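Here's the structure we're looking at; comments come further down.
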Amino acid sequence: MDDILHGLNKAQREVVTSEASVLQVLAPPGSGKTKTLTSRVAYLIAFKHLKPWNIVTCTFTKKAANEMKERIRSFIGEELSKQIKLGTFHSIAGQYLRKYGQHIGLAKDFGVADTSDSKAIIKRIIKKHDLTSEAPKASGRISANKCKGIESAQFAQTAKNVDQQEFAVIFSEYEAELKASNLLDYDDLLLRCCFLMRTHPQCVSNVEAVLIDEFQDTNTVQYDLMSLFAQQRNMITIVGDPDQSIYGFRHAEIKNLKLMKDQWRDTLTINLEENYRSSGAILHAAQTVIEQDESRPPKKLQATHNYGLRPVLRKLPSAAAEAAWLVAEIKRMCALSGGVLQHSDFAILLRSAALSRVIEAALGRDGMPYRMVGGLKFFERVEVKLVVDYLRVINQPNHGEAVERIINLPPRRIGDATVKSLREEASKRDMSFWDLICGIAQGKTRSTTKLNAPAEKGLASFVNVILSGRRKLEVAEDEQISLVGLINLVAKKIDLQTYLKNKYENEYEAKWSNVEELMAQAADASDPERLKALMEEDTLPAVDDLDQRSTGNEDALSIFLANIALTATAETKTEEGTEPVPQVTISTIHSAKGLEWPVVFLPACYEGSIPHSRSDDNDEERRLLYVGMTRAQAMLYLSCPIKDTQKQETTMSSFLTQPGVQLYFEEHGPSMSLATAKGLATTLRREQPNLSGFNEGKQGLDRDEDNYWPLNGEEAPEERAKWDYGKAANPVAAFGASRPASWVPASAVTTQQQQGFSTASAMMSAGLGTVKDDFNAAYDDLLEKDRLKAIDKKRLEATKNSDTDVPKGRKRQIEGQGSISTFFAKRRPPSMKAESSGEHFTMPLATHTSRSDPLRDISNLDRRQLSDPLPSKPALAGLHKPRIAPLRRAPSSHAALPNKGYMFLSSSPQKPEDEENDPEPISEEPDPEDEVAQPQFKPASTFHTTSLQTLQQQPAARGRRYGVKPSINGWANRARK
DNA sequence: CTTCGAGTGCTTTTT
DNA sequence: GCACTCGAAG
């Protein structure tokens with residue numbers, strides 16, 4: 001008893017030991033919801049003597065299910081815990097249907113139609129009838145109806161207007177299609193299971209207790225499912241939090257909470273109120289956001305931690321800058337936390353998965369390890385899906401969807417028209433698609449569809465692949481081919497490697513490694529031990545009066561496939577023997593639910609993103625933000641780019657611009673002192689940092705304050721200088737060389753430079769003033785910006801009040817620390833050294849880190865060079881249009897990119913070996929004042945131009961490489977102004 | 001009839 | 001940046 005109740009507060013104990021039969025637990029974020037629920041399960045088994053296999057526990061995500069399993073195991077041990085019926089609604093429903101499906105006329109071995117299957121079917125129906133509906137909308141509508149328990153026939157009867165009738169057609173044909181292919185979609189799993197339990201209550205007669213996690217996310221069908229599970233004993237415990245209801249789109253009904261109270265009048269409600277996760281400051285901020293919802297009943301939420309650091313609400317110039325800032329902050333926090341924080345302590349949570357691209361690029365550029373959860377799932381990647389579809393068809397050839405998807409992959413000269421004709425013929429003859437083509441290929445069936453010779457050959461080869469796969473399975477069990485063997489067979493038969501190589505060229509390696517990963521997973525799944533465990537887990541307790549379908553002889557393939565559709569994340573296993581590298585997590589807010597991290601970033605907090613433009617429930621969007629914010633333990637960063645990815649101006653999220661909200665936020669990341677680091681450690685209950693670790697971290701940093709970007713969201717001065725005089729001017733110059741050896745010799749450059757210059761002067765006179773003037777103005781501006789941002793916060797606020805007092809423009813005075821000296825490198829940028837010795841100083845520009853900022857190390861330049869005129873941007877920008885190397889998704893797989901027609905940018909923090917041992921600091925670090933006094937310094941010859949041809953001659957260097965899109969926006973923006 | 005290239009438009013969240 | 005459509009060539 002003590003074990004189970006240990007560490008629980010009063011309210012939690014009350015929940016765990018409650019005698020009430022129906023129990024609602026309202027558990028706000030961080031209140032120990034999962035802990036409480038798992039403790040109750042353990043308690044019921046240990047003290048109420050319930051049998052584990054008579055306890056049903058439903059979660060929404062596989063992740064939550066696994067976590068709960070893990071925790072229960074630590075309470076009651078492996079043996080008991082694995083007997084509990086614990087899983088997602090869908091997986092539990094699936095289990096019941098597999099065992100008892102025959103009683104409701106469900107064929108054995110039904111498949112699960114995933115979203116793309118459903119979408120494909122609907123699309124086809126729409127096309128067939130030449131309807132105007134859109135597939136995704138129709139799909140959502142079908143799901144909405146199903147979730148409410150409305151069936152297609154029922155809908156068709158009530159359909160009145162044209163639109164409804166049209167939809168009724170899609171709906172019923174969709175259902176028919178699924179039935180014909182022996183498929184159930186996600187909703188069907190739940191619906192059919194409800195039907196089963198209603199018509200055959202015996203099958204759940206053993207259930208003694210039902211527990212539901214995240215109850216606020218249940219939809220009507222799931223609610224029914226819960227009631228039906230509990231129909232014998234009415235012993236139910238649910239935990240939930242209306243404030244965290246973020247699945248309205250999946251037709252979750254918050255009102256189920258009330259419904260439940262009405263259905264079971266003696267429902268006991270217990271509120272958990274203490275938050276054990278977040279610092280007070282974070283909690284306050286989150287609270288002000290959620291309290292904007294006036295319809296929401298007020299709720300208490302008590303912090304148990306210290307106040308901690310105030311959350312940050314940061315403005316940045318662009319999505320790219322936001323990403324760069326975020327990376328810089330992670331670095332800074334890591335370095336200055338004195339060892340308290342590492343990469344795995346950071347999470348970046350997004351409203352939509354698509355936002356991750358810029359961020360992944362920034363992380364990749366920096367070489368910071370990360371993992372992306374949510375977004376595209378492993379089993380949804382084309383190459384994986386391809387193989388899985390083959391397996392599906394081999395396992396179950398009547399899976400019409402899968403057959404059609406792969407019949408011409410790799411290309412077999414069987415086009416859409418042929419497929420369509422075949423499909424129609426099949427339905428006319430009332431046979432399955434597979435049976436038809438199989439018959440044709442074997443010459444048994446005479447087809448009315450005329451096939452040309454190549455198509456016929458293609459068809460035969462396809463059928464052959466499938467049949468040979470099936471043959472391997474039909475032999476006696478002990479001779480049966482392994483799952484991996486089967487995948488290999490398929491891969492060989494369809495010559496997958498060649499296909500992938502041809503189709504994806506430079507992505508080939510990544511794609512193939514995914515296939516290998518699939519094999520590894522297959523090997524894992526067909527491991528006899530594991531298989532046994534899986535089968536055991538799949539057992540349902542025998543009940544009187546109702547036969548279970550024997551699944552004893554179910555093969556590894558079926559089990560593997562059945563699990564795929566219901567597996568949320570195929571956890572990429574860490575390589576054996578290697579320490580897992582701490583990784584930053586990128587996730588959607590939705591899939592971050594229930595999780596927590598010491599530091600959380602919520603980027604893209606603008607109108608249209610959160611609240612999302614496609615959402616019609618603002619309150620749900622607000623709750624979503626709330627969920628995101630409350631994932632943070634010690635530090636929370638919100639940020640808003642002034643321009644979104646499409647360079648449209650944004651408005652900050654209305655949830656954050658409500659009066660008073662901003663009082664809870666700082667405008668920039670915290671100054672990190674040893675004391676701050678200690679505070680973090682306290683909040684996180686971690687070991688205190690020591691001074692030496694702190695100092696060490698500080699030394700490795702370029703800057704120790706969040707002061708690179710101005711607080712008002714404007715472009716960083718250094719960045720502007722780069723844009724105006726570097727990157728924008730010359731896309732080809734955006735070639736950063738990390739190894740001088742492979743650099744273009746200066747002589748090769750000269751012609752291009754001169755070319756550029758000559759055009760430049762002509763262009764420049766067209767109304768933009770001289771380059772010189774332009775530069776001076778910008779430079780002054782830049783100094784001013786830097787001065788402003790260097791002033792500490794208080795002063796800034798003081799000046800803000802009398803805003804206009806701050807002279808704009810030409811103030812050269814430098815105050816305080818953090819002044820211009822931050823512009824100059826403490827050490828020579830590596831690539832500069834080799835080049836600056838020659839006749840021409842050719843400094844590669846446009847690495848995005850400040851490491852090679854053109855303004856750095858300015859004192860080191862040959863000053864005669866500096867008086868050269870500047871080339872103009874448009875002149876150079878128009879010269880070449882380099883191809884863009886695709887960004888690689890996972891930084892883990894860096895195949896060498898082709899060495900033709902690509903440009904590379906490489907700014908790896910890991911310097912190449914040859915520079916590694918060159919910490920030689922520049923002796924004459926310039927005195928800031930001095931520099932300012934010499935306005936003739938212009939980064940004119942920090943230009944380096946070269947042609948595409950020259951680049952093509954470069955050998956593809958090794959190392960981390962990212963294609964970089966040259967931007968001429970810098971120029972375009974300026975020109976407009 | 002199939003394939004391939006160019007051009008267009010859009011882009012929530014999950015089982 | 002990607003998925004999808006459309007039109008032209010094989």
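Every chain is numbered from 1, with letters handed out A, B, ... down the list of sequences. Since we're looking at a predicted model, the values are computed, not measured.
- Checking dT3(B), dC1(B), dT15(B) against every side-chain atom of N408(A), the shortest atom distance belongs to dT3(B).
- In this entry the distance linking CG of D213(A) with P of dT15(B) reads 13 Å, nearest Å.
- For the pair N145(A) (side chain) and E151(A) (backbone), a donor-acceptor distance under 3.5 Å is absent.
- Here the nucleotide nearest the side chain of T588(A), chosen from dT13(B), dC2(C), dT15(B), is dT13(B).
- Between the CZ atom of F379(A) and the C1' atom of dT14(B) there is a distance of 16 Å, given to the nearest Å.
- Look at OH on Y186(A): it is 5 Å from C1' on dT15(B), rounded to the nearest Å.
- Checked by atom type and distance alone, the side chain of Q292(A) pairs as donor or acceptor with a backbone atom of F655(A) at under 3.5 Å.
- The distance between atom CD of E607(A) and atom P of dT12(B), rounded to the nearest whole Å, is 17 Å.
- Residue contacts for D416(A): at a heavy-atom cut-off of 4.0 Å it reaches the sugar-phosphate backbone alone, with no base atom in range.
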Do any N or O atoms of the protein come closer than 3.5 Å to N or O atoms of nucleotides 5-10 of chain C, and which pairs are they?
none

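- Among the atoms of the strands shown, none is found under 4.0 Å from any heavy atom of L624(A).
- Within the 4.0 angstrom heavy-atom criterion, no nucleotide atom of any strand lies near S609(A).
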- Task: Starting at the 5' end of DNA chain C, write a dot or bracket for each base, bracketing those in Watson-Crick or G-U wobble pairs whose two distances are under 3.5 Å and using | for partners on another strand.
- Result: ||||||||||
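- N514(A) places no side-chain N or O within donor-acceptor distance of the main-chain N or O of K511(A), the cut-off being under 3.5 Å.
- Atom NZ in K119(A) sits roughly 12 Å away from atom C1' in dT11(B) (whole-Å rounding).
- Distance from the side chain of A417(A) is smallest for dT2(B) among the nucleotides dT14(B), dT13(B), dT2(B).
- Under 3.5 Å, the side chain of R614(A) and the base of dT11(B) form no donor-acceptor pair of N or O atoms.
- Residues H90(A) and H612(A) both approach DNA chain B. Their nearest nucleotides, taken by heavy-atom distance, put H612(A) toward the 5′ side.
- Counting only N and O atoms by type, the side chains of T61(A) and K593(A) include no donor and acceptor under 3.5 Å apart.
- Atom name P, nucleotides dC4(C) and dT13(B): the rounded distance is 16 Å, in whole Å.
- One interatomic measurement links the two molecules: CG of L189(A) to P of dT15(B), which rounds to 13 Å at whole-angstrom precision.
- Here P454(A) lies out of heavy-atom contact (under 4.0 Å) with every strand.
- Residue R357(A) has its side chain nearest to dG1(C) when only dG1(C), dT13(B), dT14(B) are considered.
- One side chain, T218(A) or N256(A), offers a donor N or O that lies under 3.5 Å from an acceptor on the other.
- Taking a cutoff of 4.0 Å between a charged side-chain nitrogen and a carboxylate oxygen, K255(A) and E253(A) qualify as a salt bridge.
- Here the two rings, on H590(A) and F249(A), have centers that are under 6.0 Å apart.
- Of the candidates dC1(B), dT15(B), dT14(B), dT14(B) carries the atom nearest the F249(A) side chain, counting heavy atoms from C-beta on.
- Rounded to an integer number of Å, the gap from R250(A) CZ to dT14(B) P is 9 Å.
- No donor-acceptor distance shorter than 3.5 angstrom exists from the side chain of S609(A) to the backbone of Y606(A), with no hydrogens or angles considered.
- A donor-acceptor contact shorter than 3.5 Å links the side chain of D117(A) to the backbone of D114(A).
- Here Y247(A) lies in heavy-atom contact (under 4.0 Å) with sugar-phosphate atoms only.
- Rounding to whole angstrom units, CD of residue E214(A) and C1' of dT13(B) are separated by 14 Å.
- For the pair S591(A) and dT13(B), the criterion of a side-chain N or O lying under 4.0 Å from OP1 or OP2 is not met.
- S639(A) pairs by the side-chain hydrogen bond (donor to acceptor under 3.5 Å, both in side chains) definition with E322(A), not counting sequence neighbours.
- We find that R296(A) and D243(A) are joined by a salt bridge, their nearest charged nitrogen and carboxylate oxygen being less than 4.0 Å apart.
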